[in-house]
Engineer: 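Take a look at the following structure, please.
All residue numbers in this chain count up from 1 along the given sequence.
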Amino acid sequence: VQLQASGGGLVQAGGFLRLSCAASGLTLDDFAIGWFRQAPGKEREGILCIRSSDGITYWGEFVKARFTTSRDNAKNTVYLQMNSLNPEDTAVHYCAAGPDLKFDRCSDSYFPWAYWGQGTLVTVSS
């Protein structure tokens, strides 16, 4: 099983990026999906977590409607579209997949995320 996160890079404040999380060895549609980020010197925090069974989605409070998510089941890939980026969004971004269980918050410690991508760095310049 492998999750491959990609799409990070350097962008100016106000810009946008689209991150991809491509899976092999599992079908993403059968798993809960999470996007997380970790900035230097800070704890990892949840950006977005999607429950598998009902598609209920939890967003981190800092997102404030700037980000959206989509998926392409044919490519077994989930996307995170990030708009209106600011320097505080600078972090390594990770995708994760977990079991088909219910949860009520987006957290890397509260839920048993089984698989993690390697991380992709997003740098937003001011």
Side-chain angles (χ1 to χ4, degrees):
V1 173
Q2 187 176 21
L3 298 181
Q4 182 75 31
S6 62
L10 174 63
V11 64
Q12 289 187 331
F16 62 91
L17 285 172
R18 188 178 78 157
L19 305 186
S20 300
C21 179
S24 58
L26 60 84
T27 301
L28 282 178
D29 204 32
D30 296 335
F31 286 76
I33 301 298
W35 283 98
F36 299 88
R37 70 182 190 181
Q38 187 166 22
K42 295 186 177 181
E43 293 186 354
R44 190 159 55 190
E45 60 182 344
I47 301 171
L48 155 72
C49 295
I50 309 170
R51 296 193 330 197
S52 174
S53 58
D54 52 19
I56 290 179
T57 303
Y58 296 91
W59 292 92
E61 290 185 1
F62 59 87
V63 173
K64 297 180 180 178
R66 297 180 296 140
F67 302 170
T68 59
T69 187
S70 61
R71 69 173 68 208
D72 185 334
N73 289 336
K75 295 183 178 180
N76 206 21
T77 300
V78 174
Y79 302 98
L80 177 65
Q81 177 71 37
M82 305 189 297
N83 301 321
S84 301
L85 288 165
N86 58 63
E88 290 69 38
D89 295 315
T90 295
V92 178
H93 287 60
Y94 301 89
C95 61
D100 182 13
L101 300 174
K102 290 189 176 181
F103 51 84
D104 62 1
R105 69 199 72 175
C106 188
S107 168
D108 63 340
S109 57
Y110 174 73
F111 187 74
W113 299 102
Y115 307 105
W116 288 86
Q118 82 286 3
T120 184
L121 177 62
V122 171
T123 303
V124 185
S125 63
S126 58

Engineer: Check the pair Gln81 / Asn83 against side-chain contact (heavy atoms from CB on, under 4.5 Å), numbers first and verdict last.
Structural biologist: CA-CA 7 Å; Gln81 177 71 37; Asn83 301 321; 2.9 Å; yes
Engineer: Hey, is the main chain of Ser107 close enough, under 3.5 Å, to the side chain of Trp113 for a donor-acceptor pair?
Structural biologist: yes
Engineer: Can you tell me how far NZ of Lys102 sits from CZ of Phe111, rounded to the nearest 0.5 angstrom?
Structural biologist: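 Going from the CZ atom of Phe111 to the NZ atom of Lys102 covers 12.5 Å.
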Engineer: Nearest 0.5 Å, what's the CG-OG1 distance between Leu80 and Thr68?
Structural biologist: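 Output value for this atom pair is 7.5 Å.
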Engineer: How many angstroms lie between CG in Asn86 and CD in Gln12, if you round to the nearest 0.5 Å?
Structural biologist: 13.5 Å
Engineer: Looking at Asn76 and Ala23, would you say the former's side chain and the latter's main chain have a donor-acceptor pair under 3.5 Å?
Structural biologist: yes
Engineer: A cation-pi test, strictly: NZ or CZ of Arg37 under 6.0 Å from the centre of the six-membered ring of Tyr94 and no more than 45 degrees from its axis. Yes or no?
Structural biologist: no
Engineer: Which heavy atom in Val1 sits nearest to a heavy atom in Tyr115, and how many Å separate them?
Structural biologist: CG1-CD2, 3.5 Å
Engineer: For Arg66 and Ser84, indicate whether the former's side chain and the latter's backbone hold a donor-acceptor pair under 3.5 Å.
Structural biologist: yes
Engineer: Shortest non-hydrogen contact from Pro99 to Pro112?
Structural biologist: CD-O, 3.2 Å
Engineer: Quick one: closest heavy-atom pair of Gln38 and Lys42, and the distance?
Structural biologist: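 In terms of heavy atoms, the two residues are closest at NE2-O, 3.1 Å.
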Engineer: Just by distance, do the side chain of Thr57 and the backbone of Gly55 share a donor-acceptor pair under 3.5 Å?
Structural biologist: yes
Engineer: Do side-chain atoms of Ser20 reach the backbone of Ser6 as a donor and acceptor pair under 3.5 angstrom?
Structural biologist: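 No.
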Engineer: Between Phe62 and Val124, is there a shared hydrophobic cluster once you connect ILVMFWY residues whose side-chain heavy atoms come closer than 4.5 Å?
Structural biologist: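 Yes; Val124 is reachable from Phe62 via cluster members.
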Engineer: Under 4.5 Å between side-chain heavy atoms, counting indirect links through other Ile/Leu/Val/Met/Phe/Trp/Tyr residues: same cluster for Val92 and Leu19 or not?
Structural biologist: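 No, it is not one cluster - the side chains of Val92 and Leu19 are not joined through contacts under 4.5 Å.
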Engineer: Please tell me whether Ile47 and Ile50 are part of a single hydrophobic cluster in this structure, the criterion being side-chain heavy atoms less than 4.5 Å apart.
Structural biologist: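 In one cluster with Ile47: Ile50, yes.
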Engineer: Is the NZ or CZ atom of Arg105 both under 6.0 Å from the centre of the six-membered ring of Tyr58 and within 45° of that ring's axis?
Structural biologist: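 Judged by the rule, Arg105 and Tyr58 form no cation-pi pair.
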Engineer: Answer yes or no: is there a donor N or O on one side and an acceptor on the other, between the side chain of Asp100 and the main chain of Ser53, under 3.5 Å?
Structural biologist: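 Yes; judged by distance alone, with no hydrogens or angles, the pair exists.
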Engineer: When you measure from the side chain of Glu45 to the backbone N and O of Phe36, does any donor-acceptor pair fall under 3.5 Å?
Structural biologist: no
Engineer: Please report the shortest heavy-atom distance between Tyr79 and Thr69, naming the atom on each side.
Structural biologist: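 Nearest pair, atom of Tyr79 first, then Thr69: O-OG1, 2.8 Å.
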Engineer: Side chains of residues 26-35: which donor-acceptor partners sit under 3.5 Å, not counting sequence neighbours?
Structural biologist:
| unit_1 | atom_1 | unit_2 | atom_2 | d |
| --- | --- | --- | --- | --- |
| Asp29 | OD1 | Arg71 | NH1 | 3.3 |

Engineer: Any chance you could measure His93, atom NE2, to Thr120, atom OG1, to the nearest 0.5 Å?
Structural biologist: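 Separation between the atoms: 8.5 Å.
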Engineer: Apply the side chain to side chain contact (heavy atoms under 4.5 Å, CB included) test between Ser125 and each candidate in Thr90, Leu10, Leu85; give the one that qualifies.
Structural biologist: Leu10
Engineer: Shared ILVMFWY cluster between Met82 and Val11, side chains joined below 4.5 angstrom?
Structural biologist: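 Both belong to a single hydrophobic cluster.
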Engineer: Grab the two heavy atoms, one from Gly46 and one from Cys106, that are nearest each other, plus how far apart they are.
Structural biologist: CA-SG, 3.8 Å
Engineer: Kindly work out whether a path of hydrophobic side-chain contacts (I/L/V/M/F/W/Y, heavy atoms less than 4.5 Å apart) joins Val78 to Ile56.
Structural biologist: no
